[in-house]
Amino acid sequence: MPSSTVENYLKAIWSLQNQGELGELVLIGQVAEKISVTPGTATTMMNQLLKKGLVDYIPRRGVRLSE
């Protein structure tokens with residue numbers, strides 16, 4: 001079961017994705033701002049979420065939820 005921190009990141013990505021075009025990548029800075037963390041902290045979490053298969057993360061480009 002995901003932790004509340006993981007859930008908060010996933011909710012933030014989902015919310016930001018729904019504001020943009022379908023399939024569009026969300027900038028890490030946007031995710032960091034939404035959950036009040038530094039971009040570096042968000043980047044570290046993106047790598048962890050990528051390893052778990054929860055997101056598609058492209059460094060220096062953005063992130064989106066995986067199917």
Side-chain angles (χ1 to χ4, degrees):
M1 177 179 213
S3 71
S4 62
T5 302
V6 168
E7 287 180 7
N8 289 339
Y9 274 92
L10 296 175
K11 286 180 199 175
I13 295 166
W14 180 83
S15 173
L16 291 164
Q17 269 185 226
N18 286 331
Q19 294 174 9
E21 302 266 334
L22 184 64
E24 183 178 320
L25 292 173
V26 174
L27 300 176
I28 300 303
Q30 292 175 304
V31 176
E33 184 177 330
K34 186 140 182 103
I35 58 176
S36 302
V37 298
T38 65
T41 300
T43 298
T44 300
M45 180 58 83
M46 292 309 111
N47 285 313
Q48 292 176 16
L49 296 176
L50 176 65
K51 287 178 186 175
K52 292 179 181 182
L54 298 172
V55 299
D56 297 322
Y57 170 55
I58 302 170
R60 293 181 291 284
R61 297 282 315 272
V63 64
R64 68 177 151 241
L65 296 177
S66 62
E67 292 187 32

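The CE atom of M45 sits 9.5 Å away from the OG1 atom of T41 when rounded to the nearest 0.5 Å. Summarising the geometry, atom CD1 belonging to I58 is positioned 5.0 Å from atom CG belonging to L25; distances are rounded to the nearest 0.5 Å. Interatomic distance, OG1 of T5 versus CD of E7, reported as 9.0 Å (0.5 Å rounding). Rounded to the nearest 0.5 Å, atoms CG (L27) and CD (E33) are 11.0 Å apart. Separating the CD atom in Q17 from the CG atom in L10 is a distance of 10.0 Å, to the nearest 0.5 Å. Distance check: L65 CG to L49 CG gives 9.0 Å after rounding to the nearest 0.5 Å.
Considering all non-hydrogen atoms of both residues, E24 and R64 come closest at O-CB, 4.2 Å. Between I28 and Y57, the shortest heavy-atom contact is CD1-CE1, 3.7 Å. K34 approaches L16 most closely through the heavy-atom pair CD-CG, 3.9 Å.
Between the side chain of T43 and the backbone N or O of P39, at least one donor-acceptor pair lies under 3.5 Å.
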- [ ] Dump the intermediate steps for side chain to side chain contact (heavy atoms under 4.5 Å, CB included) on M46 and I13, then the final yes or no.
- [x] CA-CA 10 Å; M46 292 309 111; I13 295 166; 3.9 Å; yes

Open item on the list: Test side chain to side chain contact (heavy atoms under 4.5 Å, CB included) on V63 and Y9; report intermediate values, then the result.
Closed with: CA-CA 11 Å; V63 64; Y9 274 92; over 6 Å; no

- [ ] Please test V31 against V37 for side chain to side chain contact (heavy atoms under 4.5 Å, CB included), starting from the C-alpha separation and ending with a verdict.
- [x] CA-CA 8 Å; V31 176; V37 298; over 6 Å; no

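Within a 6.0 Å sphere centred on CD of Q30, other residues, nucleotides and ligands contribute more than 12 heavy atoms.
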